[in-house]
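Pasting a structure below so you can have a look.
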Amino acid sequence: MAVERTLVLVKPDAVRRGLCGEIVARLERRGLALRGARLVQVDEELAGAHYAEHRGKEFFARLVSFITSGPTLALVVEGESAVTVVRSTMGATDPAKAAPGTIRGDLGLSMPDNLVHGSDSPESARRELALWFPDDAV
């Protein structure tokens, strides 16, 4: 298995609810290591670039509004098959459909307030890490 780096965003709803430590702990218990962290007040430019693949869709404005509504904790996470491990740890996008034992299944309330984002492929991870950590060699 390959060691990968991926982006995890602890979204504004999770930051407001004081869940950053719990989310980081769950990732670390899965054997993943933190390699970078930034608390960011996301502006519309970063939000638009991050969600660029959804531009033009009816929910795009809602995504941008939500991610810019408060601070987001951006994490560089590393480990064997990190992309897959992070996504299985997060659970299904909709907290109502997420399995118990996952971050969203245990802690999530509703859409779009689904607590976390994780890159969906190694290619997405490289693109997203460059957006969120532009000055770092990640």
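Remember, it's a predicted structure, so these values are computed and weren't measured experimentally.
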### Message
For V24 versus L75, what's the shortest heavy-atom pair and its separation?
### Response
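It is CG2-CD1, 3.9 Å.
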### Query
Given the rule that I, L, V, M, F, W and Y join up when any side-chain heavy atoms are under 4.5 Å apart, are L129 and V40 in one cluster?
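They do share one cluster, since a chain of ILVMFWY contacts under 4.5 Å joins L129 to V40.
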### Message
Checking the side chain of S65 only, and the main-chain atoms of R62 only, is there a donor and an acceptor separated by less than 3.5 Å?
### Response
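No, because the side chain of S65 does not come within donor-acceptor range (under 3.5 Å) of the backbone of R62.
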### Query
Can you find a heavy atom in the side chain of V10 that is under 4.5 Å from one in the side chain of L19?
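With C-beta onward as the side chain, the pair stays apart.
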### Distance in Å, T6 OG1 paired with E128 CD, rounded so as to fall on 0.5 Å steps
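Answer for the OG1-CD pair, T6 versus E128, is 7.0 Å.
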### Task
Could you tell me whether the side chain of E4 and the main chain of V83 form a donor-acceptor pair under 3.5 Å?
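Yes: the side chain of E4 pairs with the backbone of V83.
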### Task
Decide if atom NZ of K57 counts as having more than 12 heavy atoms of other residues, nucleotides or ligands within a radius under 6.0 Å.
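Yes, because the 6.0 Å sphere around NZ of K57 holds more than 12 heavy atoms from other groups.
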### Query
Would L107 and E22 count as a side-chain contact (heavy atoms from CB on, under 4.5 Å) if you check the C-alpha gap in whole Å, the side-chain angles of each, and the deciding distance to 0.1 Å?
CA-CA 10 Å; L107 306 171; E22 172 70 19; 3.7 Å; yes
### Task
Report yes if some heavy atom in the side chain of K11 is under 4.5 Å from a heavy atom in the side chain of V116; otherwise report no.
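K11 vs V116: side chains apart.
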### Donor-acceptor contact present, side-chain D106 to main-chain G101, <3.5 Å
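Looks like yes, one N/O pair under 3.5 Å.
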### Minimum-distance pair of heavy atoms, taken over all atoms of A98 and G105
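Minimum heavy-atom contact is CB-N, 3.4 Å.
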### Query
Going through the distances and angles, do D43 and T68 end up as a side-chain contact (heavy atoms from CB on, under 4.5 Å)?
CA-CA 6 Å; D43 60 24; T68 60; 5.8 Å; no
### Task
Using a strict cut-off of less than 4.0 Å between a Lys/Arg side-chain nitrogen and an Asp/Glu carboxylate oxygen, indicate whether D94 and R104 qualify as a salt bridge.
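Between R104 and D94 there is no salt bridge, as every charged N stays at least 4.0 Å from the carboxylate O atoms.
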### Message
Can you confirm whether the side chains of R26 and T89 place a donor and an acceptor under 3.5 Å from each other?
### Response
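Side-chain D/A pair, R26 to T89: absent.
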### Task
Rounded to the nearest 0.5 Å, what's the gap from NE2 on H117 to OG1 on T72? Could you check?
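Here the rounded value is 11.0 Å.
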### Message
Could you walk me through whether E28 and L34 satisfy the side-chain contact (heavy atoms from CB on, under 4.5 Å) test, starting with their C-alpha distance in whole Å, then the side-chain angles of each, then the deciding distance to 0.1 Å, before giving a yes or no?
### Response
CA-CA 8 Å; E28 289 179 325; L34 294 183; 4.1 Å; yes
### Query
Same cluster or not: are I23 and L32 linked, directly or through other Ile, Leu, Val, Met, Phe, Trp or Tyr residues, by side-chain heavy atoms under 4.5 angstrom apart?
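Hydrophobic grouping puts I23 with L32.
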### Query
Is a side-chain donor-acceptor pair under 3.5 Å present for S124 with S121?
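Result is yes, a qualifying pair exists.
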#### Entry: Taking every non-hydrogen atom, the tightest pair across T102 and S88
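Where T102 meets S88 most closely, the heavy atoms are CG2-O, 3.6 Å.
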### Query
Would one find more than 12 heavy atoms of other residues, nucleotides or ligands at under 6.0 Å from atom CD of E53?
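Above 12, so yes.
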### Query
Given the rule that I, L, V, M, F, W and Y join up when any side-chain heavy atoms are under 4.5 Å apart, are L39 and L7 in one cluster?
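No, no single cluster joins them.
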#### Entry: Straight-line distance of L131 CG to Y51 OH, nearest 0.5 Å
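Reported to 0.5 Å precision, the distance equals 12.0 Å.
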### Task
Please name all residues satisfying ring pair (Phe, Tyr, Trp, His ring centres under 6.0 Å) with F59, sequence neighbours left out, ordered by chain then number.
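Testing F59 for ring pair (Phe, Tyr, Trp, His ring centres under 6.0 Å), a comparison that skips the adjacent residues, returns H54.
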### For A82 against V77, the heavy-atom pair lying closest together
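Where A82 meets V77 most closely, the heavy atoms are CB-O, 4.2 Å.
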### Message
Counting C-beta onward and ignoring hydrogens, is there a side-chain heavy-atom pair between W132 and L9 closer than 4.5 Å?
### Response
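Side chain of W132 against side chain of L9, heavy atoms only: contact under 4.5 Å found.
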### Query
Who passes salt bridge (Lys or Arg N to Asp or Glu O under 4.0 Å) against R126, sequence neighbours left out?
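Expected list: E123.
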### Task
Might you point out which heavy atoms bring P71 and V15 nearest each other, and give the distance in Å?
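Residues P71 and V15, closest heavy atoms: O-CG2, 3.4 Å.
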### Query
If you measure from CG on L46 to CD1 on I67, what distance do you get to the nearest 0.5 Å?
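So the gap between those two atoms works out to 8.5 Å.
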### Task
Kindly give the heavy-atom pair with the smallest separation between V42 and A47, and that separation in Å.
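Closest approach of V42 to A47, heavy atoms only: CG1-N, 3.8 Å.
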### Query
Donor-acceptor pair, D13 side chain versus L115 backbone, under 3.5 Å?
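Flag set: sc D13 to bb L115 pair under 3.5 Å.
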### Message
Could you tell me if the side chain of M90 sits less than 4.5 Å from the side chain of N114, heavy atoms only?
### Response
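Of all side-chain heavy-atom pairs linking M90 with N114, none is under 4.5 Å.
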### Separation between CZ of R55 and CG of L63, rounded to the nearest 0.5 Å
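It is 11.5 Å, given to the nearest 0.5 Å.
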### Task
Dump the intermediate steps for side-chain contact (heavy atoms from CB on, under 4.5 Å) on V64 and H50, then the final yes or no.
CA-CA 9 Å; V64 170; H50 178 75; over 6 Å; no
